[in-house]
Each structure stands twice: as C-alpha cells, then as structure tokens.
Amino acid sequence: MCGRYVSVTDPATLADHFSVDEVTTSGHRERFNVAPSTDVYAVIEDGTSRRLGTMRWGFVPVWAKQVGGRGQPINARLETVATSRMFAPSFRRKHCLLPADGFYEWKDRGEGRRKQPYFIAEVSGEPLAFAGIYSSWRADDDQPPIVSAAVVTTSAAGAMRDIHDRMPLMLPASLWASWLTEDADEAPHLLETVQALGPPPLVATPVTARVNAVRNDNPSLLTPGSVDD
C-alpha cells in the first residue's frame with residue numbers, strides 16, 4: 001500500500017521533469033510526511049496539453065454524499081482497478097501521475113514488536129511517478145469540483161518484498177504518455193504492460209517512529225534510525 005510519502009521538489013522542477021505544458025498550481029512548502037486528505041501534486045493530459053496541478057489524496061467517487069466520508073480510499077489495487085465499481089469508471093478515462101520524492105512503508109517485525117518504518121526512494125534521487133486515477137466530484141452545480149486521486153498499487157517486487165507485500169505502481173518515463181492518454185478501449189490493454197513492470201532501482205532506509213505522527217513534518221524524518229530509538 002502507500003499511506004505516506006515525501007513531496008519536496010518544486011513545481012518548476014517537476015514541470016521540467018515531467019515535460020508539462022502548463023503549471024496550474026503555485027506550489028506548496030516542502031512536505032516530508034504527506035498524509036491522506038491533503039492536496040498533492042498531480043500530472044494529467046487531455047490530448048492537447050500536459051498539466052501539473054493539485055488533487056486531493058483520497059478518492060471521492062462521483063456518487064459520494066460528502067467529502068471526507070467513509071469509503072474514500074487512498075489506494076487502488078492494480079489487479080482490480082479495471083473492474084471494481086469504485087474505480088472502473090476512472091480507470092477507463094481519468095489517469096494521472098502523482099510525483100513523489102519517496103515514500104514510507106512499515107515492516108512487520110512480528111511477536112508484538114513495533115513495526116519498523118522505512119523511507120524508500122529512487123537510487124538516483126529523482127522524483128518517482130506513481131500511477132494514479134482521479135475523479136471529479138461536486139456538492140452541487142454551483143460549486144467548483146473537488147478533484148481527488150488514488151495511488152495505484154501492485155504486488156511488491158525486488159527489495160520491497162522484504163518490507164511489505166504491496167507497493168505503489170511506479171511508472172518509467174517511457175510509459176507516462178501511455179498511462180496519461182490511453183482511451184477507454186485501450187486502457188485494459190495497458191494493464192498487461194504495467195503488470196510486467198519491475199520497480200525502479202530503489203533504496204530503503206530504516207527511519208525512526210517519528211514518521212508515525214502526521215504532525216511531524218521536517219527533514220529529520222529522513223535521518224536513518226530505528227523504531228526503537
């Protein structure tokens with residue numbers, strides 16, 4: 001799964017990295033503990049331009065009665081995203097990329113011991129591109145839409161298998177355009193390609209339990225350490 005991540009790269013650098021045509025956000029401060037229900041950077045493409053903006057992390061389906069209610073997940077499983085009632089409409093038409101400078105995952109140490117958090121990032125330090133899907137929800141016709149996203153997750157591979165059984169689906173640059181632009185008829189075939197992907201080269205660093213508290217949001221969270229520190 002993916003429940004927390006890091007977002008410190010500024011919009012101008014992300015725009016260059018993801019080859020966007022337009023930036024529609026003024027950006028946010030460096031965030032070392034991004035949590036669900038907050039606004040996060042997202043890249044979309046509508047066939048004429050690629051844009052970098054923000055979306056709420058926490059998927060609000062079009063039939064939801066309110067934002068922040070139950071049943072608004074932060075992750076969508078790759079294995080069922082094309083068929084689930086919750087996600088299938090967005091999977092057919094509304095794909096996005098969610099830039100991240102790394103993410104956190106917790107390893108179960110068993111025997112009632114506290115889980116050990118890890119910070120996981122690309123070896124090169126470049127931003128990761130999480131595959132995402134999004135939805136537009138309106139309280140009523142007079143209100144602007146709330147655009148929300150879920151991170152697509154897949155079975156853990158490589159070094160991630162030793163930490164957790166799930167991980168975000170991280171797309172290489174060669175698949176960004178396909179993920180963003182495939183139409184409703186082609187989207188299911190895209191699964192065959194992304195399911196065969198291995199993860200990018202990742203490095204996992206154990207960190208302290210300070211990351212467990214959302215209120216802690218500073219560079220010290222990335223300092224190597226142990227849950228027992």
Side-chain angles (χ1 to χ4, degrees), residues 1-7 18 34-37 40-45 50 55-64 71-108 118-122 126-136 147-202 204:
M1 62 174 295
C2 179
R4 304 277 182 81
Y5 65 92
V6 174
S7 177
F18 287 96
V34 177
S37 79
V40 298
Y41 293 131
V43 177
I44 64 170
E45 188 168 338
R50 184 177 294 183
M55 297 180 183
R56 180 185 187 274
W57 184 25
F59 191 85
V60 183
V62 294
W63 64 83
Q72 296 173 10
I74 60 173
N75 297 152
R77 295 175 67 92
L78 177 65
E79 297 85 349
T80 56
V81 68
T83 57
S84 76
R85 177 175 176 267
M86 174 78 72
F87 299 122
S90 288
F91 177 72
R92 287 194 294 271
R93 300 181 183 279
K94 295 184 176 182
H95 293 189
C96 62
L97 299 174
L98 301 170
D101 292 284
F103 62 99
Y104 299 102
E105 193 52 84
W106 284 257
K107 181 177 182 178
D108 189 347
Y118 284 80
F119 173 64
I120 299 127
E122 222 275 1
E126 291 191 344
L128 297 165
F130 294 164
I133 58 172
Y134 68 97
S135 174
S136 296
V147 183
S148 62
V151 174
V152 177
T153 65
T154 187
S155 297
M160 278 298 298
R161 288 198 187 101
D162 294 329
I163 299 173
H164 199 273
D165 62 349
R166 305 291 297 178
M167 67 180 186
L169 176 62
M170 293 164 271
L171 298 179
S174 60
L175 284 180
W176 293 349
S178 294
W179 182 260
L180 291 171
T181 61
E182 291 288 14
D183 62 24
D185 292 332
E186 294 299 321
H189 301 294
L190 187 59
L191 286 178
E192 300 173 8
T193 300
V194 298
Q195 283 176 326
L197 286 176
L202 300 169

Once you round to the nearest 0.5 Å, how far does CG of Leu128 lie from CD1 of Ile120? 10.0 Å
With Cys2, which of Leu98, Asn75, Ile74, Leu169 fulfils side chain to side chain contact (heavy atoms under 4.5 Å, CB included)? Asn75
CE (Met170) and CG (Leu202) are apart, to the nearest 0.5 Å, by 5.0 Å
At what distance, to the nearest 0.5 angstrom, does CE of Met86 lie from OG1 of Thr80? 11.0 Å
Separation of Trp176 CH2 from Leu97 CG (nearest 0.5 Å): 7.0 Å
Restricting to salt bridge (Lys or Arg N to Asp or Glu O under 4.0 Å), what partner residues turn up for Arg50, sequence neighbours left out? Glu45
Can you see which heavy atom on His95 is nearest to which on Ser90, and at what distance? CD2-O, 3.8 Å
Between Ser155 and Glu79, is there a side-chain heavy-atom distance shorter than 4.5 Å? yes
Which of parallel (below 30°), tilted (30 to 60°) and perpendicular (above 60°) describes Phe59 and Phe87? perpendicular
Minimum heavy-atom separation for Gly132 to Val152, with atom names? CA-CG2, 4.1 Å
Can you find a pair of side-chain heavy atoms, one from Ser148 and one from Gln72, that are under 4.5 Å apart? no
Show the nearest heavy-atom pair for residues Ala131 and Leu171, with the distance to one decimal. CB-CD1, 3.8 Å
If you round to the nearest 0.5 Å, how far is CG of Leu180 from CG of Leu175? 10.5 Å
Any side-chain heavy atom of Lys94 sitting closer than 4.5 Å to one from Ile133? no
To check you understand the geometry: which heavy-atom pair defines the closest contact between Ala149 and Met55, and what is its length? CB-SD, 3.8 Å
So which heavy atom on Ser84 is nearest to which on Pro89, and how close? O-CD, 4.4 Å
What's the verdict on ring pair (Phe, Tyr, Trp, His ring centres under 6.0 Å) for Phe130 and Trp57, showing C-alpha distance, side-chain angles and the deciding distance? CA-CA 12 Å; Phe130 294 164; Trp57 184 25; 8.3 Å; no
Scanning both residues in full, the closest heavy-atom pair of Ala121 with Asp101 reads CB-O, 3.9 Å
Find out whether Val6 and Tyr104 are in side-chain contact, i.e. whether some heavy atom of one side chain is under 4.5 Å from a heavy atom of the other. yes
Contacts of Arg4 that satisfy side chain to side chain donor-acceptor pair (under 3.5 Å) - sequence neighbours left out: Asn33
Quick one: pull up CZ in Arg166 and CG in Leu78 and give me the separation to the nearest 0.5 Å. 7.5 Å
